[in-house]
Asks: 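Below you'll find the structure I mean.
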Number of protein chains: 2
Amino acid sequence: MPDPTTAGPDDRHGEESSGPGAARAFRVATLDEVAQRAGVSRSVASRAMNNSRNVSAPKREAVARAAAELGYVPNPTARALATSTAGSVVLALPDDDPALFGDPFFSQVLVGVAAALDRSELNLTLMLASSERGRERLARVLRSRRSDGVMLMGLRKDDPLGRLAAQTDVPVVLGGRPLDADARWYVDVDNRGGARLAAEHLLRSGRRHLAAIVGPVDLQASVARHHGFADAVAAERLPADWVEHADFTYEGGAAAMTRLLAAHPEIDGVFAASDYMASGAMRALRAAGRRIPEDVAVVGFDDLEIARHTEPPLTTVSQPIRGLGHEMATMLIRLIDGDTPTPIILPTHLVVRGSAPGPV
Amino acid sequence: MPDPTTAGPDDRHGEESSGPGAARAFRVATLDEVAQRAGVSRSVASRAMNNSRNVSAPKREAVARAAAELGYVPNPTARALATSTAGSVVLALPDDDPALFGDPFFSQVLVGVAAALDRSELNLTLMLASSERGRERLARVLRSRRSDGVMLMGLRKDDPLGRLAAQTDVPVVLGGRPLDADARWYVDVDNRGGARLAAEHLLRSGRRHLAAIVGPVDLQASVARHHGFADAVAAERLPADWVEHADFTYEGGAAAMTRLLAAHPEIDGVFAASDYMASGAMRALRAAGRRIPEDVAVVGFDDLEIARHTEPPLTTVSQPIRGLGHEMATMLIRLIDGDTPTPIILPTHLVVRGSAPGPV
DNA sequence: CCAGCAAGTGGGACCGCTCCCACTTATTTC
DNA sequence: GAAATAAGTGGGAGCGGTCCCACTTGCTGG
């Protein structure tokens, strides 16, 4: 009866089993071994490890001791198979998006997500899903229950990722709202309100010829910021159509500014829907001989680090980027736990710096 | 004998058991069901799916068809348990490091890693391991074989992460070398050579009073850049000790520059070990009334986007950040496959812009 | 005194896959 | 033509957990 589990006294927990030469195959202890050492059944050991009920104090302690001595670490894969939960969530996003990757935006989201996940036992799997392969992988992961939930960011209009996520039975939390589908669960930033704040600030400081540089039309955040700008300008019965689209990049912002100046030389205030674009716009303004803020005031959006380092420092709309990640993860956890959270809109606020000082 | 596998004809896969609208508890098909539908044993089905040998053409095809019809997706967890491989690797790094998170550095590494992983079947798990909890989690993951390999970045001197990684039997690839331990497998950038390039460029353009702003002493990359600077300056028998330390941030660079100016007003060239610090130094120089590059030339390191947007644009040492991530992942994959790769040092090169033009 | 109950215990059936191995059938080889 | 070899097949034992459930106990209460 060559049963290794009951083999004999020489069966100590395998520090080292001679592998086939290359790598040492360190065999970690299993629950069976812990149970055996503690003199209890595997069931009891399992209950003790998960400290659930129906384990007497002495046995619970014996198991704890045996586990410690053996350096036992539960095998998450086995647990995952048995419970059919993965123990991990995925964060999926396109990797070719300058709005996400051109700056510390993404890193900050990640830090927030990781912080929230840190309290749970969930691991974070990252999927950059812009390539076709990447998409397929995400689809497979979603269908195979390899993950307990998904966070999706940077969704554009008609993004196949959205449809993919809608088809799965795994909880999905969106970062930002999609333009087309209406999502059940999402965390967004008050883009419209923030943009309105920016435009109102310009108006309040006496600017009367406002232009805006906004992002691509297939991003909800972009459209919302555009709306916010228009809200404020229209409220003053000023023309709200001095608007150029760019791609959230520095160069794009500069080019848009140049176009705006050509069309409307009397511009005295600019709202750019990202700090990078604002920064580019400032270069274009300087190149055109305009002084900032004397001739033209500039307000950005994001409050990235760069905003503190432009010359003059950039007045901008601050959004809680880490908070976005944190709330997304928190919402996902609640969803996984069976709760029914409600969508969250995070507040934005204006940070006034030199590029657009307030009314004196 | 109540064997569920041969239970009866009413045992079909539950595709249409739940309504089309409210996707709930969708039971995905198992290999058993595929096998049954294809009229073969599970063994054959398994072989067919993994297209290994010993499957006749007709059966292979039957399995493929059945799998397609059932929308079969293999359960990675079960596979992981059976093969005792995880199917994923982890990228671990501290999340409180401005050198990693203050700029798009980290995102770029990630894109490189993801691109390399995209060719394999490996998933990427991200662990931000600066908190004590995070460290413990990483340790558990390493011991539980939940991961097939680890990439470690941003290791500082005496970092517990290093010891943690050394104790595991899972392959470990380092991004950058640690200062204390000597790593088996790592991918690094030629920091020393790059810094030398920077200093030599300043010298070649006629600068004779060089200072440097370098990073913290517990980072190997930082020390190496310092060395590279010293190499070049010492070769010209010029003083190589006009050096201040900062923390890779803009503010730190500005403060260091101020200190340097106070100590050595005759400075006519500055090497800053990061673009952010260079950018801060430029602000300090302007504040002190120095013209760039007429009075003082400035060279940075990294070639981040910001370098193109400073005024004047920053001459800097370009390093292949995505390449770093890509090579790390590639090396890890080779390690997992049982190969024995050799450490890699990626080349750096100088990008000349306005802040330090070349010799005329 | 025995049914009734709660706490505690361990046997064993899963979870869904891989892979070894005994076995059948077709193809060589001497 | 028998033996050896190759190709194909499916049974079944794991992988390392979870968890249901039948089965002791020790107490309570009628």
Side-chain angles (χ1 to χ4, degrees), chain A residues 1-6 13-14 17 25 27-36 38-63 67 70 72-87 121 140 143-146, chain B residues 1-7 13-14 25 27-36 38-63 67 70 72-87 121 140 143-146:
Chain A
M1 193 194 289
D3 183 355
T5 351
T6 63
H13 113 273
S17 73
R27 216 189 83 243
V28 309
T30 71
L31 186 58
D32 263 310
E33 290 162 345
V34 172
Q36 204 171 326
V40 300
S41 73
R42 189 174 64 245
S43 301
V44 171
S46 173
R47 264 174 265 146
M49 289 306 299
N50 300 312
N51 48 61
S52 50
R53 316 172 344 284
N54 287 355
V55 182
S56 63
K59 301 219 167 181
R60 165 163 281 143
E61 200 177 311
V63 170
L70 261 41
Y72 171 69
V73 178
N75 182 323
T77 306
R79 189 200 303 257
L81 183 59
T83 59
S84 48
T85 62
E121 282 304 296
R140 261 213 315 288
R143 304 213 49 193
S144 67
R145 285 208 130 295
R146 194 201 178 101
Chain B
M1 194 175 269
D3 183 355
T5 350
T6 62
H13 97 284
R27 217 189 84 242
V28 310
T30 71
L31 185 57
D32 263 310
E33 290 162 345
V34 172
Q36 201 170 328
V40 301
S41 74
R42 190 175 61 249
S43 302
V44 170
S46 173
R47 264 174 263 143
M49 289 304 301
N50 301 313
N51 48 61
S52 50
R53 318 175 340 286
N54 287 355
V55 182
S56 62
K59 301 217 166 185
R60 165 164 281 141
E61 199 178 312
V63 170
L70 261 41
Y72 172 68
V73 178
N75 181 323
T77 305
R79 190 201 301 258
L81 183 58
T83 60
S84 48
T85 62
E121 281 304 295
R140 261 214 314 289
R143 304 214 50 195
S144 68
R145 286 206 125 308
R146 193 199 180 103

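Just so we're on the same page: letters track the sequence lines, and every chain starts at 1.
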Asks: Do N50(A) and R79(A) touch side chain to side chain, with heavy atoms closer than 4.5 Å?
Replies: yes
Asks: Looking only at the side chain of V44(B) (C-beta and beyond, no hydrogens), which of the listed nucleotides dG10(D), dT18(D), dG11(C) gets closest?
Replies: dG10(D)
Asks: Kindly state which residues belonging to residues 50-58 of chain A come within less than 4.0 angstrom of DNA chain C, counting heavy atoms of the residue only, listed by number.
Replies: N54(A), V55(A), S56(A)
Asks: Side-chain contact test, heavy atoms from C-beta onward, threshold under 4.5 Å: evaluate it for V63(A) versus V40(A) and give yes or no.
Replies: yes
Asks: Atom CG of L81(A) and atom P of dA13(C): how far apart are they, to the nearest Å?
Replies: 17 Å
Asks: Are E121(B) and R140(A) ion-paired here, with the side-chain N under 4.0 Å from a carboxylate O?
Replies: yes
Asks: Base of dG17(D), side chain of T83(A) - is there a donor-acceptor contact under 3.5 Å?
Replies: no
Asks: Is the shortest side-chain N/O distance from S41(B) to OP1 or OP2 of dG10(D) below 4.0 Å?
Replies: yes
Asks: Side chain of R42(B): nearest nucleotide among dA13(D), dG16(C), dC19(D)?
Replies: dA13(D)
Asks: Quick one: R146(A) CZ to dG16(C) P, roughly how many Å, whole number?
Replies: 16 Å
Asks: What's P76(A) touching, base or sugar-phosphate or nothing? Going by heavy atoms closer than 4.0 Å.
Replies: nothing
Asks: Measure CG/D32(A) against P/dG10(C) and give the value in whole Å, please.
Replies: 13 Å
Asks: Output the rounded distance in Å from OH (Y72(A)) to P (dG17(D)).
Replies: 3 Å
Asks: Is there a side-chain contact between N75(B) and T30(B), using heavy atoms and a 4.5 Å cut-off?
Replies: no
Asks: OP1, OP2 of dC15(C) versus side-chain N and O of S84(A): anything below 4.0 Å?
Replies: no
Asks: Quick one: R47(A) CZ to dC20(D) P, roughly how many Å, whole number?
Replies: 11 Å
Asks: Expressed in angstrom and rounded to an integer, what is the separation of K59(A) atom NZ from dT9(C) atom C1'?
Replies: 7 Å
Asks: For residues K59(B) and S56(B), determine if any side-chain heavy atom of one lies less than 4.5 Å from a side-chain heavy atom of the other.
Replies: yes
Asks: How close or far is atom P of dT18(D) from atom CG of L31(A), stated in whole angstroms?
Replies: 7 Å
Asks: Would you say Y72(A) and E33(A) make side-chain contact, with heavy atoms under 4.5 Å?
Replies: no
Asks: Whole angstrom is fine here: how far is it from CG in N75(A) over to C1' in dG16(D)?
Replies: 6 Å
Asks: Quick one: does any side-chain atom of R47(A) pair with a main-chain N or O of N54(A) as donor and acceptor, under 3.5 Å?
Replies: yes
